[in-house]
Amino acid sequence: MVGHTSGALLVFGLCLQLTHAANILAVFSYSFPSPFLLVGPYMKALVHKGHQVTIISAKNHLADIDGARHIRVEMLDQLMEDFLNYDFEKDFPMSKWQQALIMAEFFYNSSRYILSDAGVQSLIQDKSAHFDMVIVQASHTDALYGFAPFYNASLVGLSVYGTAWNIDYLAGNKAPSVYEPMSPDGYSTGLGLMQKLKNWIYITEEWLLEQLVYLPTQMQLYKRFFNKSAESLYNIRRNFSLMLINQHFSLGRARSNVPNVIEVAGIHLENPSDQLDDDLQRFVDEADHGFIIFSMGMEITGKWLPPDWLLIMQEIFAQLPQRVVWKYEQAPPNKSENIYISPMLPQRELLAHPKVKLFITHGGAMSIIEGAYYGVPMLCLPMYYDHFGNADRMKHAGVAQIQGILTMTVETMTNAIKELIKNPVYAQNAQQMSERLRDQPMSSLDTAVWWTEYVLRHKGAPHMRISEDDMSFMQYYSLDFILVFFVRFGVAILIITCVGLKLLSFLLKPSHILSSVPLLK
Ligand SMILES: *[C@@H]1O[C@H](CO)[C@@H](O)[C@H](O)[C@H]1NC(C)=O
Ligand SMILES: *[C@@H]1O[C@H](CO)[C@@H](O)[C@H](O)[C@H]1NC(C)=O
Ligand SMILES: *[C@@H]1O[C@H](CO)[C@@H](O)[C@H](O)[C@H]1NC(C)=O
Ligand SMILES: *[C@@H]1O[C@H](CO)[C@@H](O)[C@H](O)[C@H]1NC(C)=O
Ligand SMILES: *[C@@H]1O[C@H](CO)[C@@H](O)[C@H](O)[C@H]1NC(C)=O
């Protein structure tokens, strides 16, 4: 009997934890492959949990997920093709504002292609469609956030590039200690006063760009396709229930997060890994001095790199005792014996190999996480956006060195490679970082799914957000305190000045001067 009761209690307890199957709409406008490394496992896991998931995405890059409903927007695939064919050289170098104008058009095109797609339109017109939650990528495609107010659903953001002030804004994370600009030139850790000032200027500039360039075009789309007021979009931008960010504090950046910001770096490690083919397996197994992995990620091809790049790299690698596994579309002329070239590499399998010595990488978010997870020292060649910040944090943590893609020479590259391989400190630090990153209560994927369901269970979980009324701008930045301080300080200075002036004028009165200077008496 007792057993029965406790059994019933247990079942009852479990039921409380259960989330009813929900209707989830996921909208990803990414038009390049790497973000889908995260999206895939996350969506699969939600389907596996029994939720009805509808995914709007490009045709390429995301394989069909059994049990999910896919709405494919083919124009998104076109978008990237157009973008890669864009003639950037014609107005190079570009100012930040020119870059922003192009990017704003790019994001405008993404949102427009999605909202005007026939499949998406029939979803919008379908009066019976109903969603409890909308999951979006959090990045300048604000018109798409409009699905949330349209369906009265709670909104979850996925930020593949970790986070920046704009993501923090969406999540309601106001802690000033975490602010870094998005753009590479402005990147700094914000430690010194001058760095803080520089960050502040950059962030203000980025904020202006968002308000004046990115948002207006998205707003136009939102009003056109959802037929709703501008205010409702501003409201939803301040009402993300949850923000999943692809970063972890063990990766050299501890930050203050509010409760609805959850760090989930490593979701993409849940993808099944590819095996090394026999040739490559033999090549790395037989590397007597170990081997180096060299990959500039999934998106950067030879077209993006300086013309003499191939020859320089070949020259550097040819002198090394280590073998080099190089992800590249073509072999350099006179490829030396110790180089293995392939356009696709099972990167994680290689990083996990006991003979790996060094990972030469562009510093993309996924590569950095993989390098850290497998505890391999890195040589970063950052090229754009988040690469600079990622590389900087790895260098700061003592697991990496950085070389400029345009400034490096055969000599600087060779020295950096030798230092990273010979000096054991890098490998030790990388090992420590790996142990910290792996030491988590549950996997990143389970964490992401758990918090997603938490938001479903608690109807958008508004209690996780800092209410703007709870904390006014004045209070949050301790402006009231600063004001009091300056008022006191000011009053004190005022009094001293007044007294000083009085004293001076008293002393300067001719009669007193005459009487106080003995010689003139
Ligand atoms: C946006 O789309 C238009 C036409 O639909 C195209 O002409 C333009 O080049 C695109 N812009 C970008 C930055 O992709
Ligand atoms: C959305 O939710 C609010 C309250 O939560 C309700 O008043 C409103 O009618 C709902 N709208 C739709 C379209 O379901
Ligand atoms: C937008 O909504 C208004 C009233 O709510 C309606 O009169 C108008 O026809 C709608 N426009 C479109 C394009 O649906
Ligand atoms: C390739 O090697 C041959 C012989 O060693 C040499 O003559 C030729 O210049 C090399 N080509 C390049 C592009 O380095
Ligand atoms: C914000 O979202 C929560 C939960 O999704 C909802 O209850 C609340 O009404 C929303 N607030 C605004 C201002 O949209």
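Remember, it's 1-based here, ligands and their atoms both numbered in the order they're listed. Values below: all heavy atoms of this structure, side chains included; hydrogens, waters and symmetry mates excluded. Positions are given from 1, in the same order as the sequence printed here.
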Can you confirm, on distance only, whether ligand 5 has an N/O atom lying under 3.5 Å from any N/O atom belonging to Asn239? yes
Would Arg238 and Tyr169 count as a cation-pi pair here, with the cationic atom under 6.0 angstrom from the ring centre and within 45° of the axis? no
Cation-pi geometry met for Arg457 and Trp450 (6.0 Å, 45°): yes
Using a 4.0 Å cutoff against the non-hydrogen atoms of Ser154, which atoms of ligand 5 qualify? 5 (O)
Which atoms of ligand 5 are found less than 4.0 Å from any heavy atom of Gly460? 4 (C), 5 (O)
First-shell residues of ligand 1 [heavy atom, distance under 4.0 Å]: Ile102, Glu105, Phe106, Asn109, Arg112, Tyr113
Cut-off 3.5 Å, side chains only: do Gln125 and Gln121 have a donor facing an acceptor? yes
Which class fits the ring pair His458 and Tyr454: parallel under 30°, tilted 30 to 60°, perpendicular over 60°? tilted
With a 6.0 Å cut-off on the ring centroids, do Tyr385 and Tyr161 count as close? yes
Does atom CD of Gln211 have more than 12 heavy-atom neighbours, drawn from other residues, nucleotides or ligands, at distances under 6.0 Å? yes
Any donor-acceptor pair under 3.5 Å from Asn246 side chain to Val160 backbone: yes
Is the backbone N or O of Gly364 less than 3.5 Å from a side-chain atom of Ser367, with the two atoms forming a donor-acceptor pair by type? no
Is there a heavy atom of Lys459 sitting under 4.0 angstrom from any atom of ligand 5? yes
